[in-house]
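The structure appears below as structure tokens.
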Amino acid sequence: MHWTDGLVLIFGLVTFGIEWLLLRAHGKSVSIPQSALNLSLGMIERLFALLSLSFGLWLTSELAGLRSVAAIEPRWLNFALAFVGVDFFWYVYHRISHRVSLVWVAHLVHHQPEEYNFSVNFANSPLGYFVRVLVYSPLVLLGIDPEFIVLANVLNGFYQAMLHSELWPAWVGLERYLVTPRYHQIHHSSARAHLDKNYGGIFTIWDRLFGSYHDGSEPIS
């Protein structure tokens, strides 16, 4: 897991640098102090995750020893279920983080920046790591291998990192199935109609099933 945390940081810094150059080329301003704060928060959160790695490994190992079902076979199905399961559990965590005050404290910093760019993805509280470990680790009880949970979480994180930008063209027609940059921007919008909407990470089906979907018919603000 050490290399995945380093990869996330490198990927985020490179993509933000490219985006910053493109924003400047389009004549759009970027707040350097706000972006620096976002990136700093992300580095602190990743460092905290590395220092707390033993907790996540211990909890996952303990739960794996308690599961009453065998590991799912074949392996490709195990990964596929991990991929979908992590995305569903992310939706649950994300929705809880907006509805439960104690968890909202850990998620609040992600919604404080007024600009919407790649650096916003790094604006996270270290407390969020513990909550995500508690949310994702029970997947091992369903017969899903821990390494696939980690891999699915990394892929989910990379996908969501790419959503935080206004430079993407419209992904017309995909929002019926996938979370797009515009779909997630609605989640960050301060418009009253957009509050508590579009919690999904990769798939929009969870928002549709549980009544938190919004098509963005009102202007984003």
Side-chain angles (χ1 to χ4, degrees), residues 1 4-17 19-20 23 28-53 55-56 86-87 89-137 153-154 156-168 179 181-192 194-202 206-207 212 214 220-221:
M1 288 182 64
T4 59
D5 287 302
L7 189 59
V8 168
L9 282 175
I10 294 172
F11 177 80
L13 290 172
V14 170
T15 52
F16 173 69
E19 182 197 37
W20 181 79
L23 287 170
K28 296 185 178 181
S29 61
V30 179
S31 172
I32 298 301
Q34 180 64 65
S35 298
L37 176 59
N38 295 341
L39 294 171
S40 298
L41 287 171
M43 291 181 181
I44 293 172
E45 193 264 348
R46 287 296 89 195
L47 177 61
F48 190 84
L50 285 173
L51 295 175
S52 307
L53 178 62
F55 167 72
V86 163
D87 194 60
F89 275 52
W90 161 260
Y91 172 85
V92 173
Y93 158 74
H94 197 187
R95 189 159 188 173
I96 287 174
S97 70
H98 280 256
R99 310 293 292 205
V100 178
S101 299
L102 184 61
V103 189
W104 172 244
V105 171
H107 188 61
L108 172 63
V109 294
H110 185 66
H111 284 270
Q112 286 183 326
E114 295 183 1
E115 296 179 346
Y116 189 75
N117 54 51
F118 284 142
S119 74
V120 175
N121 188 65
F122 282 80
N124 293 302
S125 166
L127 296 176
Y129 170 78
F130 275 113
V131 179
R132 290 193 298 273
V133 167
L134 295 174
V135 168
Y136 291 140
S137 55
N153 186 31
V154 171
N156 195 291
F158 272 130
Y159 184 86
Q160 291 195 51
M162 298 303 294
L163 298 176
H164 294 81
S165 179
E166 298 182 53
L167 292 179
W168 290 105
V179 174
R182 179 179 176 277
Y183 185 94
H184 190 65
Q185 192 175 3
I186 291 170
H187 174 72
H188 279 264
S189 171
S190 59
R192 187 172 184 82
H194 298 160
L195 296 180
D196 295 323
K197 300 295 182 181
N198 295 6
Y199 293 108
I202 294 180
W206 318 123
D207 284 306
S212 53
H214 197 287
I220 295 173
S221 61

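Residues take their numbers from the sequence shown, with the count starting at 1. All values below were derived from every heavy atom in this structure, side-chain atoms included, with hydrogens, water molecules and symmetry-related copies excluded.
- The side chain to side chain contact (heavy atoms under 4.5 Å, CB included) check on Ala191 picks up Ser189, His194, Ser221, with sequence neighbours excluded.
- Tyr93 places a side-chain heavy atom less than 4.5 Å from the side chain of Val103.
- Residues Ser165 and Asn117 form no side-chain contact, since every pair of their non-hydrogen atoms from C-beta on lies 4.5 Å or further apart.
- Take Val105 and apply the side chain to side chain contact (heavy atoms under 4.5 Å, CB included) test, not counting sequence neighbours, and it matches no residue.
- Residues that satisfy the ring pair (Phe, Tyr, Trp, His ring centres under 6.0 Å) test with Tyr116, not counting sequence neighbours, are His164, His188.
- Looking at heavy atoms from C-beta onward, Tyr199 lies out of side-chain contact with Trp90 at the 4.5 angstrom threshold.
- Contact of the His98 side chain with the His187 side chain is registered, since non-hydrogen atoms from C-beta on lie closer than 4.5 Å.
- With sequence neighbours excluded, no residue forms a ring pair (Phe, Tyr, Trp, His ring centres under 6.0 Å) with Tyr159.
- Taking CG of Leu102 as the start and CD1 of Ile96 as the end, the distance is 11.5 Å to the nearest 0.5 Å.
- With sequence neighbours left out, the side chain to side chain donor-acceptor pair (under 3.5 Å) criterion links Trp20 to no other residue.
- Trp168 places a side-chain N or O within 3.5 Å of a backbone atom of Met162 that can act as its donor or acceptor partner.
- Inspection of the Ser31 and Glu115 side chains reveals no N or O donor paired with an N or O acceptor under 3.5 Å.
- Among residues two or more places apart in sequence or in another chain, the side chain to side chain contact (heavy atoms under 4.5 Å, CB included) test is passed with Ser40 by none.
- Listed by chain and residue number, Glu218 satisfy the side chain to side chain donor-acceptor pair (under 3.5 Å) test with His214 (two or more places apart in sequence, or in another chain).
- Side chains of Arg95 and Trp206 form no contact here, defined as non-hydrogen atoms less than 4.5 Å apart.
- Distance CG/Asn153 to CZ/Phe158: 11.0 Å, rounded to 0.5 Å.
- Phe122 and Phe118 get closest at one heavy-atom pair: CD1-O, 4.0 Å.
- Taking CG of Leu195 as the reference point, atom OG of Ser190 lies at 8.0 Å (rounded to 0.5 Å).
- Between His111 and His107, the ring planes lie perpendicular to each other; the angle is over 60°, past the 30° to 60° tilted range.
- A search for side chain to side chain donor-acceptor pair (under 3.5 Å) contacts involving Ser212 returns Tyr91, Asp207, not counting sequence neighbours.
- Among residues two or more places apart in sequence or in another chain, the salt bridge (charged side-chain N to carboxylate O under 4.0 Å, His left out) test is passed with Glu45 by Arg132.
- Shortest non-hydrogen contact noted between Asn198 and Tyr183 is ND2-O, 3.0 Å.
- Judged as a salt bridge (charged side-chain N to carboxylate O under 4.0 Å, His left out), and not counting sequence neighbours, the contacts of Arg182 are Glu175.
- Sorted by first and then second residue, the pairs that involve residues 99-114 and meet salt bridge (Lys or Arg N to Asp or Glu O under 4.0 Å), not counting sequence neighbours, are Arg99-Asp196.
- Of the listed residues (Asn38, Leu41, Val120), just one forms a side chain to side chain contact (heavy atoms under 4.5 Å, CB included) with His110, and that residue is Val120.
- Between Asp87 and Asn156, the shortest heavy-atom contact is OD1-ND2, 3.0 Å.
- With sequence neighbours excluded, the residues forming a side chain to side chain contact (heavy atoms under 4.5 Å, CB included) with Ser125 are Ala106, Val109, Leu127, listed by chain and number.
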